[in-house]
Amino acid sequence: MAEAPKRVRIRHFARAKEQGITITGLTSYDVLTAQIFDEAGIDFLLVGDSAGNTVLGYDTTLPVTIDDLIPLTRGVVRGVKRALVVADMPFGSYETGADEALHTAFRFMKETGAHAVKLEGGVRSAEQIRRIVSAGIPVMGHVGFTPQSEHGLGGHVIQGRGSAVDQLLADAKAVEEAGAFAVVLEMVPAEAAERVTAELSIPTISVGAGPHCDGQLVVWTDWAGLTSGRIPKFVKQYANLRTVLFDAAVAYKADVESGAYPDEAHSYSDETAEKAHRERE
Ligand SMILES: Nc1nc(=O)c2c([nH]1)NC[C@@H]1CN(c3ccc(C(=O)N[C@@H](CCC(=O)O)C(=O)O)cc3)CN21
Ligand SMILES: CC(C)C(=O)C(=O)O
Ligand SMILES: [Mg+2]
């Protein structure tokens with residue numbers, strides 16, 4: 001998306017699709033990364049329930065609660081001037097029906113200042129999306145591989161292969177018809193994502209869904225080389241923060257143990273001694 005908008009709004013998502021301008025998103029879970037990504041011109045920040053993996057150390061997103069995500073989302077909102085902030089609704093916070101979904105969306109909007117919410121599921125979540133949108137809250141959909149149903153789907157399985165593209169398309173269309181302003185396609189073949197993107201009027205956002213979507217999104221800790229262990233095949237690494245921080249920690253420990261840190265420049269002294277020191281210089 002061009003730098004132009006002062007603040008990214010859902011109309012800029014629609015305009016980007018019309019004009020063929022690609023939308024860029026990253027996850028964020030704290031104020032410092034939000035400031036950096038916002039200054040870099042990233043169009044939207046998702047405070048993902050992937051925080052379960054990246055912040056809280058769980059193996060899946062299933063244990064993540066609304067109360068876990070609210071303070072993280074608040075931090076991200078405080079860090080942005082331009083980017084649109086999307087709050088991810090966690091597992092167990094919207095599935096029982098439209099009332100529960102709207103109640104959860106209200107909590108995120110009132111308690112965090114986020115600009116939109118996201119929830120997983122196509123046909124099965126259409127009533128929830130419709131109700132939240134009718135209350136004036138923008139919704140981002142999420143179809144294809146939906147991590148909150150990882151056990152139901154039987155693992156990290158690519159969705160929409162072969163004839164399963166029909167179900168993918170039906171889910172994406174249900175999200176669009178329910179009033180969502182954009183839809184995430186996660187872990188689907190590039191050809192299937194291309195077809196969905198062509199058939200929808202709202203922008204598609206790829207998470208491992210190839211180059212033909214209207215936007216791209218990635219979990220920032222994977223992309224920056226901070227995540228330990230395996231990262232999904234679709235992630236390209238743009239930095240190696242794990243090595244940067246490891247080397248810094250090793251150097252710091254060595255300096256502390258040798259007495260090289262803290263030196264005079266990084267210590268306070270008595271005021272009068274400090275003044276005398278300055279006068280000597
Ligand atoms: N750190 C992180 N990155 C993510 O992309 C992410 C999360 N956490 N948590 C929520 C979901 C879960 N997602 C995932 C998790 C794992 C794979 C993965 O390991 N995929 C394998 C192939 C499948 C397998 O063998 O398990 C791959 O190599 O792409 C993909 C998406 C995407 N989301
Ligand atoms: C992977 C993205 C789409 C997500 O839902 C998350 O980060 O929680
Ligand atoms: Mg999520």
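When a ligand or atom number is given, it counts from 1 through the structure's own listing order.
Heavy-atom proximity to Pro232, at under 4.0 Å, picks out these atoms of ligand 1: 5 (O), 17 (C), 27 (C), 29 (O), 30 (C), 31 (C).
Between Thr221 and ligand 1, no pair of N/O atoms sits closer than 3.5 Å. Between Asp222 and ligand 1, a contact under 3.5 Å exists for at least one N or O pair. The distance criterion of under 3.5 Å between nitrogen or oxygen atoms is not met by Thr61 with respect to ligand 1. Taking any N or O of Lys233, backbone or side chain, at least one lies under 3.5 Å from an N or O belonging to ligand 1.
Within the structure, ligand 1 has Glu186 among the residues with a heavy atom less than 4.0 angstrom away.
Near-neighbour remark for the Mg ion (ligand 3): protein N, O or S atoms under 2.8 Å are Asp49 OD1, Asp88 OD2; waters not counted.
With hydrogens and angles left out, the side-chain atoms of Asp30 and Thr33 include a donor and acceptor closer than 3.5 Å. Defined by atom type and a distance below 3.5 Å, a donor-acceptor pair is missing between the side-chain atoms of Gln216 and Thr22.
Counting only heavy atoms from C-beta outward, the side chains of Leu69 and Met89 never approach each other to under 4.5 Å. Looking only at side-chain heavy atoms (C-beta outward), Ile66 and Phe108 come within less than 4.5 Å of each other. Within the 4.5 Å cutoff, no side-chain heavy atoms of His142 are placed close to those of Gln148. Side-chain contact check for Val207 versus Met187: every heavy-atom pair is 4.5 Å or farther apart.
Counting only heavy atoms of the protein, atom 9 (N) of ligand 1 lies nearest to Asn53 OD1, 2.9 Å. Of the protein's heavy atoms, His156 ND1, 3.1 Å lies nearest to atom 26 (O) of ligand 1. Closest to atom 6 (C) of ligand 1, if we only count protein heavy atoms, is Val219 CG2, 3.8 Å. Of the protein's non-hydrogen atoms, the one nearest atom 30 (C) of ligand 1 is Met187 SD, 3.4 Å. Arg230 NH2, 3.5 Å is the protein heavy atom nearest to atom 21 (C) of ligand 1.
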So what's ligand 2 close to, N/O to N/O, under 3.5 Å?
from	atom 1	to	atom 2	distance (Å)
ligand 2	5 (O)	Asp88	OD2	3.3
ligand 2	5 (O)	Lys118	NZ	3.0
ligand 2	7 (O)	Ser50	OG	2.6
ligand 2	8 (O)	Asp49	N	3.2
ligand 2	8 (O)	Asp49	OD1	2.7
ligand 2	8 (O)	Ser50	N	3.0
ligand 2	8 (O)	Ser50	OG	3.3
ligand 2	8 (O)	Asp88	OD2	3.0

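Partners of Glu194 according to the side chain to side chain contact (heavy atoms under 4.5 Å, CB included) rule, which considers only residues two or more places apart in sequence or in another chain, are His212. Under the rule for a side chain to side chain contact (heavy atoms under 4.5 Å, CB included), the partners of Phe246 that lie at least two apart in sequence or sit in another chain are Val250.
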Could you go through the salt bridge (Lys or Arg N to Asp or Glu O under 4.0 Å) check for Glu18 and Arg15 one step at a time? CA-CA 5 Å; Glu18 279 165 28; Arg15 202 171 295 162; 5.9 Å; no
So Lys173 and Glu177, salt bridge (Lys or Arg N to Asp or Glu O under 4.0 Å) or not? Walk me through it. CA-CA 6 Å; Lys173 285 214 160 139; Glu177 279 158 20; over 6 Å; no
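In this structure, Ile10 CD1 and Ile202 CD1 are separated by 10.5 Å, a value rounded to the nearest 0.5 Å. Atoms CD1 and CG, from Ile129 and Leu119 in turn, are 5.0 Å apart once rounded to the nearest 0.5 Å.
Pairing each heavy atom of Gln237 with each of Ile231, the nearest pair is OE1-CD1, 3.5 Å. Shown here for Ala174 and Ala126, the closest heavy-atom pair between the two residues is O-CB, 4.2 Å. In plain terms, the two heavy atoms of Val219 and Thr27 that are nearest each other are CA-OG1, 3.5 Å.
With a heavy-atom cut-off of 4.0 Å, Glu150 does not touch ligand 1 at all.
The option with the heavy atom closest to atom 12 (C) of ligand 1, from among Ala51, Pro147, Ser228, is Pro147.
Atom CZ of Arg7 sits in a crowded spot, with more than 12 heavy atoms from other residues, nucleotides or ligands closer than 6.0 Å.
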